[in-house]
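Note that these values count all heavy atoms, side chains included, but never hydrogens, waters or copies made by symmetry. Letters go in sequence order (proteins before strands), and every chain restarts at 1. Nothing here was measured: the structure is a model prediction, and the numbers come from that model.
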Amino acid sequence: MLDIQLLRNDLAVVTARLAERKFVLDALTFQKLEDERKILQTQMQDLQAKRNTSSKQIGAAKAKGEDVSIIMAEVASLGDELKAAELAFAQLAEQLNALLQLMPNLPDESVPTGKDETDNIEVSRWGTPRAFNFEIKDHVDLGAPLGLDFETGAKLSGSRFSLLRGSVAKLHRALAQFMLNTHSNEHGYEEMYTPYIVNDSALFGTGQLPKFAEDMFKVTRGGDEEGHVDQYLISTSEITLTNTVAGDLLKSEQLPIRLTAHSPCFRSEAGSYGRDVRGLIRQHQFDKVEMVQIVHPEQSDNALEELVGHAEKILQLLELPYRKVLLCTGDMGFSSQKTYDLEVWLPAQNTFREISSCSNMGAFQARRMQTRFKNEQGKNELVHTLNGSGLAVGRTLVAVLENYQNADGSITVPAVLRPYLGGRERLSA
RNA sequence: GGAGAGGUGGCAGAGUGGUUGAAUGUACCUGACUCGAAAUCAGGCGUAGUAGCGAUACUAUCGGGGGUUCGAAUCCCCCUCUCUCCUCCA
């Protein structure tokens, strides 16, 4: 959520910066509501003040045993007037709030202006795509004999669900464990295991709600009729990890907080019907190892670079070629003020595909969650939050299958994964 | 699922229809004492918001929501979470 003060003081600037990310802020309407708010709020507060002083007078008079009927008569009409004023203000505040909640974060100054992914900037490349001297297969064909099974996934749960058997299941598990171990043992993150079902308040905190309810899976409890809080399957453990500090007032020495977790992620993928229908790339359920940092505002720029580095490290250790891309204003996620994507080389698609997204959310989520810390001046200040995939496990599996394939259809196990697979060097049917 | 107890400021913990934004302790800040520190003493110290250039004034806030009342931390209703006991269960 943006700082309402910023909108009040610099409406034109905010409107312009939001426009860079294709968000149209109706500045005139906002200004009109805001002017109205000012009037209604002062009216309401005046009435409240009147009520408070009168009530105190009544109390004082009664204590002295005086007659209070005169004051009581004066106050009599106040109640309805006040109720009306409070209602009017509440309705308007609701409108303003709804508007505010739907506004995305402001892009950082270092973010290039652009309309879509074609305007993203490639920052760096690592590794050299391997040259194959045989006809290569894609991960679907490579995975099938090793246990990658879409038919059974669909039988159980419908399209965009998959099932892993045997070698592929083990490889998948090895990848997740390797990532989690690396972040917790080498990169200073605390390993977490979190719920996969969350309240709507958590989703509000990280920004999935109210705007992106369509992307979520909603759940109901058995036997529940109604009257219960809405709950959802997490679309990323960013939600649970980040919201661990929701509502907290932290001590500055607690910062930075670095958390990592391996979890399934559930996404309804509404509105992506035609895209990536083949293979593991876009599923309703996939695993991800997530990194989250809660930091001092001055540290968040550095923390983002560091966090991207942690994700890159995984790709490097797996010896998977990738490139690092700085997203332009038009391609960034709702809550982000700056995002790097890591794209891994997929030989069968002859292209780079997103495998990690690392973002600095600034105070955007912290403001929604009300997560603050005592700063050097003893003042409460919003923290900054960051998160990044390190990495998407399913897509990493795709990348390993395709990049490590051999002419006979077998897969060479990346060296760093062998300890997780009982020393096996090769997976074959 | 059943029974009971409870959710108060950073933390601990009083309070019970009226001047209580809330005792007290602790933490924290300032000052005194000290070479310095500890201890001690004195003072200060919640958060969010509104109006104002500002001093300042005002409003809201005692888990969340609704109600009663001129007035609610305090009374009533609903929800939620925590704890204890029983039940169930992996």
Item to check | Same-atom distance (C1') from B:G17 to B:C29, integer angstrom | outcome: 37 Å
Checklist outcome for this item: The dot-bracket string of RNA chain B, counting Watson-Crick and G-U wobble pairs with both distances under 3.5 Å, using [ ] for crossing pairs and | for pairs to another strand, is ((((((((.[[[..)..(.....]]].(((((.......))))).((((((....)))))).[[[[[..)....]]]]])))))))....
Checklist entry - Which residues pass the side chain to side chain contact (heavy atoms under 4.5 Å, CB included) test with A:Thr29, sequence neighbours left out? => result A:Asp26, A:Leu33
Next on the checklist: What is the separation between atom CG on A:Leu250 and atom C1' on B:C11, rounded to the nearest whole Å?
Outcome noted: 14 Å
Item to check | Residues that A:Asp331 engages under salt bridge (charged side-chain N to carboxylate O under 4.0 Å, His left out), provided they are two or more places apart | outcome: none
Checklist outcome for this item: salt bridge (charged side-chain N to carboxylate O under 4.0 Å, His left out) filter on A:Arg426, not counting sequence neighbours, yields A:Asp408
Checklist outcome for this item: Residue set satisfying side-chain hydrogen bond (donor to acceptor under 3.5 Å, both in side chains) with A:Thr152, at least two apart, ordered chain then number -> A:Asp149, A:Arg165
Item to check | A:Ser300 side chain to A:Asn360 side chain, donor-acceptor N/O pair below 3.5 angstrom | outcome: yes
Checklist outcome for this item: Contacts satisfying salt bridge (charged side-chain N to carboxylate O under 4.0 Å, His left out) that involve residues 88-105 of chain A (not counting sequence neighbours) are none
Checklist entry - Do other residues, nucleotides or ligands put more than 12 heavy atoms under 6.0 Å from the NZ atom of A:Lys155? => result no
Item to check | Atom pair distance, as rounded to whole Å: CG in A:Asp3 and C1' in B:A48 | outcome: 12 Å
Checklist outcome for this item: Residue pairs passing the ring-ring contact (aromatic ring centres under 6.0 Å, His included) test with at least one member in residues 357-383 of chain A, sequence neighbours excluded, are A:His296-A:Phe373, A:Phe334-A:Phe364
Checklist entry - In residues 80-105 of chain A, what residues come within less than 4.0 Å of RNA chain B, judged by heavy atoms? => result none
Item to check | By ring-ring contact (aromatic ring centres under 6.0 Å, His included) - contacts of A:His284 (at least two apart) | outcome: A:Phe161, A:Phe217
Checklist entry - Could you write nucleotides 61-66 of chain B as a row of B, S and -, 5' to 3', where a protein heavy atom under 4.0 Å of any base atom gives B, of only sugar-phosphate atoms gives S, and otherwise -? => result ------
Next on the checklist: Among B:C70, B:G21, B:U47, which nucleotide has an atom closest to any side-chain atom of A:Asn380?
Outcome noted: B:U47
Checklist entry - Roughly how far apart, to the nearest Å, are B:C45 and B:U20 at atom P? => result 16 Å
Checklist entry - Does any donor-acceptor pair link the side chain of A:Lys56 with the base of B:G18 at a separation under 3.5 Å? => result no
Next on the checklist: What's the gap between B:A32 and B:U24 when it is taken at their P atoms, as a whole Å value?
Outcome noted: 25 Å
Item to check | Residues in side chain to side chain contact (heavy atoms under 4.5 Å, CB included) contact with A:Leu317, at least two apart in sequence or another chain | outcome: A:Phe178, A:Thr182, A:Lys313, A:Val416
Checklist entry - When the ring planes of A:His183 and A:His187 are compared, do they come out parallel, tilted or perpendicular, using 30° and 60° as the limits? => result tilted
Checklist entry - Using a heavy-atom distance cut-off of less than 4.0 Å, which residues of residues 36-53 of chain A contact RNA chain B? => result A:Arg37, A:Lys38, A:Gln41, A:Thr42, A:Gln45, A:Gln48, A:Ala49, A:Arg51, A:Asn52
Checklist entry - Does A:Met72 or A:Ile4 map to a spot on RNA chain B nearer the 5' end, using the closest nucleotide for each? => result A:Ile4
Checklist entry - What integer number of Å spans the P atoms of B:C11 and B:G46? => result 15 Å
Next on the checklist: I need the CG-C1' distance between A:Leu249 and B:C11, as an integer number of Å.
Outcome noted: 11 Å
Item to check | Sole candidate of A:Arg282, A:Arg275, A:Arg160 that passes salt bridge (Lys or Arg N to Asp or Glu O under 4.0 Å) when paired with A:Glu269 | outcome: A:Arg282
Checklist entry - NZ of A:Lys170: more than 12 outside heavy atoms within 6.0 angstrom? => result no
Checklist entry - C1' atom, B:A57 versus B:U68: distance in rounded Å? => result 31 Å
Checklist entry - Would A:His310 and A:Tyr189 satisfy ring pair (Phe, Tyr, Trp, His ring centres under 6.0 Å), going step by step from the backbone distance to the final call? => result CA-CA 10 Å; A:His310 295 152; A:Tyr189 291 78; 5.3 Å; yes
Item to check | Euclidean distance for C1', B:A23 against B:G15 (whole angstrom) | outcome: 8 Å
Next on the checklist: Would you say that more than 12 heavy atoms from the other residues, nucleotides or ligands in this model lie under 6.0 Å from the CD of A:Glu298, or not?
Outcome noted: no
Checklist outcome for this item: Between A:Lys62 and A:Lys379, the residue closer to the 5' end of RNA chain B by nearest nucleotide is A:Lys62
Next on the checklist: Categorize A:Ile58 for me: base, sugar-phosphate, or nothing, with a 4.0 angstrom heavy-atom threshold over every strand shown.
Outcome noted: base
Checklist entry - When you compare B:G10 with B:C28, how far apart are their P atoms, in angstrom units rounded to a whole number? => result 16 Å
Item to check | Span that lies between the P atom of B:G64 and that of B:U8, in whole angstrom | outcome: 10 Å
